[in-house]
Number of protein chains: 2
Amino acid sequence: MIRLILADDEELIRGALVTLLNLEPDIDVVASAGNGDDAVALARKHQPDVCILDLEMPPTDGIYAAEQIIRSVPTRVILVTRHARPGVLRRALANRVSGFVPKSTPADKLARVIRDVAAGRRYVDPDIAASALAGESCPLTSRELDVLRESRKSANIQTIAKSLQLAPGTVRNYVSSAMTKLDAGTRQEAAAAAWDQGWI
Amino acid sequence: MIRLILADDEELIRGALVTLLNLEPDIDVVASAGNGDDAVALARKHQPDVCILDLEMPPTDGIYAAEQIIRSVPTRVILVTRHARPGVLRRALANRVSGFVPKSTPADKLARVIRDVAAGRRYVDPDIAASALAGESCPLTSRELDVLRESRKSANIQTIAKSLQLAPGTVRNYVSSAMTKLDAGTRQEAAAAAWDQGWI
DNA sequence: CAGAAACCGTGACACTTGTCATGGTTCTAC
DNA sequence: GTAGAACCATGACAAGTGTCACGGTTTCTG
């Protein structure tokens, strides 16, 4: 019997997935959580074989919770996501996450993935893997990413400069460089492109 | 027995919800679909008592599918959403949608909502209703909304002007006016605020 | 250890965005 | 029928963005 915990911040989805997985004769959902912190606490308490975590989940994201769980519990983590961004896949695998599946996966396939992962194997959805491998690696420097990340929150160059403790001219240089690398017309467009790729 | 169809573009979620709802003794999920067009076709074929549609679903959104279904089938529609934007609620109710629930709803509550709606009652989640009523109505004119909507796709004023067949100066005036009404520092910020409110 | 890349900054300049005033036409509401 | 709002446009100007050249310092890699 594979003992499992499941975390998703949407109660309807969480309830539905718990019900569905409990129908599998060899899978037992021992607990479920609505946020990352509760998931970590429940993983520590129940020591499950597998943890299924939604990627978009407070307080930060599913990778954060996965990190905490993997660091302190001998379990395996599967991340489930709606928008599979290649850069996020790389961060997940770097954190020794064992499975990465999109929400477009059929339920019976998720069950098979759970069994494979419980048996010690790794699983990355082939479509996600293909686009991650085909996709360019991030061409932006660490500071260019910082500037774009901040650009998503702040309205103007002045505010971004203050947040990052840089001169406005420096911020403009980084913005311009990032825009050129991503072939974007505005810094908002560049930030959106970096977000879509999972780089920020 | 309440006959039901369910549509959600994420197969895992759709499978889980179908399984969960079929556990209710008085609910029978007769069909399910992965997009709006299929949902419309299945509603016409099965003439269900209730249709549950995810709001974020291709080709346009769940409201589009709801509209089509309500126009041609004597059924009742419940929309399920992850990000409940007040303006979207108003558009949904304007299209005679009978139920509007967020994905944070517990499953047993969704079952009760289905029964109420099947019995001819309407249901709007109280939290969503409260924020929709408390929230300001849209202060923007139709053309200001057009400009912001286009601003989400286009990088610059020139392109927006071409798309809407307006002079660039006119677009700048609408942008400026919208920014003032929404207290935004850039047109991108204004567009994001309008999107968050469900006005575009 | 040397060279390259990244980080950081300044300054000049071109281009774009945003503000504001002004005014004509059309539509809507009282 | 009239007044007000919305739509549309032009022009002038200020503010902000983005480009580019240049250069110093620090970090990284071979």
Side-chain angles (χ1 to χ4, degrees), chain A residues 87 90-91 94 135-200, chain B residues 87 90-91 94 135-200:
Chain A
R90 291 197 193 93
R91 280 168 55 215
E136 58 197 318
S137 56
C138 180
L140 303 173
T141 69
S142 172
R143 270 314 219 183
E144 286 166 351
L145 289 171
D146 286 343
V147 161
L148 293 186
R149 188 174 295 120
E150 202 59 40
S151 199
R152 286 177 60 90
K153 309 179 207 159
S154 307
N156 63 18
I157 294 291
Q158 198 70 26
T159 322
I160 295 170
K162 266 185 185 151
S163 295
L164 297 176
Q165 291 180 332
L166 295 172
T170 302
V171 171
R172 281 214 272 282
N173 285 330
Y174 287 139
V175 163
S176 185
S177 177
M179 282 167 60
T180 299
K181 287 176 180 175
L182 303 182
D183 196 30
T186 64
R187 63 183 163 75
Q188 288 89 355
E189 214 182 300
W195 169 259
D196 286 345
Q197 283 284 356
W199 296 331
I200 58 170
Chain B
R90 290 196 196 93
R91 280 169 56 214
E136 61 197 315
S137 56
C138 182
L140 304 173
T141 67
S142 171
R143 270 314 217 182
E144 285 166 352
L145 289 171
D146 287 342
V147 159
L148 293 186
R149 188 175 295 118
E150 202 57 42
S151 197
R152 284 175 63 91
K153 308 179 209 158
S154 307
N156 64 17
I157 294 292
Q158 198 71 26
T159 323
I160 295 170
K162 265 182 186 157
S163 295
L164 297 175
Q165 292 180 331
L166 294 171
T170 302
V171 171
R172 282 214 273 283
N173 285 332
Y174 288 138
V175 163
S176 185
S177 178
M179 281 168 62
T180 300
K181 288 174 178 175
L182 302 183
D183 196 31
T186 65
R187 62 184 164 77
Q188 289 90 354
E189 213 181 304
W195 168 259
D196 285 346
Q197 283 285 354
W199 296 331
I200 59 174

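All chains are named by letter (A, B, ...) in the order of the sequence lines, taking the proteins before the strands, and each is independently numbered beginning at 1.
Of all nucleotides listed (C/dG18, C/dT17, D/dG18), C/dT17 comes nearest to the side chain of B/Asn156. Taking only side-chain atoms of B/Tyr174, from C-beta outward, the nucleotide of D/dC7, D/dA9, D/dT19 with the closest atom is D/dC7. Checked against D/dA9, D/dG16, D/dG18, the side chain of B/Leu166 finds its nearest nucleotide in D/dA9. Nearest to the side-chain atoms of A/Ala167 among the listed nucleotides D/dG18, D/dT10, C/dG9 stands C/dG9.
Within the structure, a side-chain polar atom (N or O) of B/Arg143 is placed less than 4.0 Å from OP1 or OP2 of D/dC8. For A/Arg187, a side-chain nitrogen or oxygen approaches OP1 or OP2 of D/dT17 to under 4.0 Å. Taking 4.0 angstrom as the limit, A/Thr141 places a side-chain polar atom (N or O) nearer than this to OP1 or OP2 of C/dC7. Checking the phosphate oxygens (OP1, OP2) of D/dA9, a side-chain nitrogen or oxygen of B/Thr170 falls inside 4.0 Å.
The separation between B/Ile160 atom CD1 and D/dC8 atom P is 15 Å, rounded to whole Å. Taking atom CD of B/Glu189 as the reference point, atom C1' of C/dG18 lies 14 Å away to the nearest angstrom. Summarising the geometry, the separation between CE on A/Met179 and P on C/dT16 is reported as 11 Å, rounded to the nearest angstrom. When rounded to the nearest whole Å, the span between CD of B/Gln158 and P of C/dT17 equals 8 Å. Computed from coordinates, the A/Gln165 CD to C/dC7 P distance equals 16 Å when rounded to whole Å. Between the CG atom of B/Asp183 and the P atom of C/dG18 there is a distance of 15 Å, given to the nearest Å. Atoms CG (B/Leu164) and P (D/dA9) sit 11 Å apart, rounded to a whole Å. As a whole-Å value, the separation of A/Arg172 CZ from C/dC13 C1' is 11 Å.
Nucleic acid contact for A/Asn173: base, since at least one base atom lies under 4.0 Å from a heavy atom of the residue. Among the atoms of the strands shown, only primed sugar atoms or phosphate atoms (P, OP1, OP2) are found under 4.0 Å from some heavy atom of B/Ser142.
Each of A/Asp146, A/Asn156, A/Ile157 was evaluated against A/Val171; a single residue qualifies, A/Ile157, per the side-chain contact (heavy atoms from CB on, under 4.5 Å) test.
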Worksheet entry | Full working for side-chain contact (heavy atoms from CB on, under 4.5 Å) between A/Tyr174 and A/Ile160 | CA-CA 11 Å; A/Tyr174 287 139; A/Ile160 295 170; over 6 Å; no
Item to complete: Report the C-alpha distance between B/Leu182 and B/Gln197 in whole Å, list the side-chain angles of each, state the deciding distance to 0.1 Å, and finish with yes or no for side-chain contact (heavy atoms from CB on, under 4.5 Å).
Response: CA-CA 11 Å; B/Leu182 302 183; B/Gln197 283 285 354; over 6 Å; no
Practice prompt. Evaluate the side-chain contact (heavy atoms from CB on, under 4.5 Å) criterion for residues B/Cys138 and B/Leu145: first the C-alpha distance (whole Å), next the side-chain angles of each, then the deciding distance (0.1 Å), finally the verdict.
Written response: CA-CA 10 Å; B/Cys138 182; B/Leu145 289 171; 4.1 Å; yes
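Here CZ of A/Arg143 is found 9.5 Å from OG1 of A/Thr170. Values are rounded to the nearest 0.5 Å.
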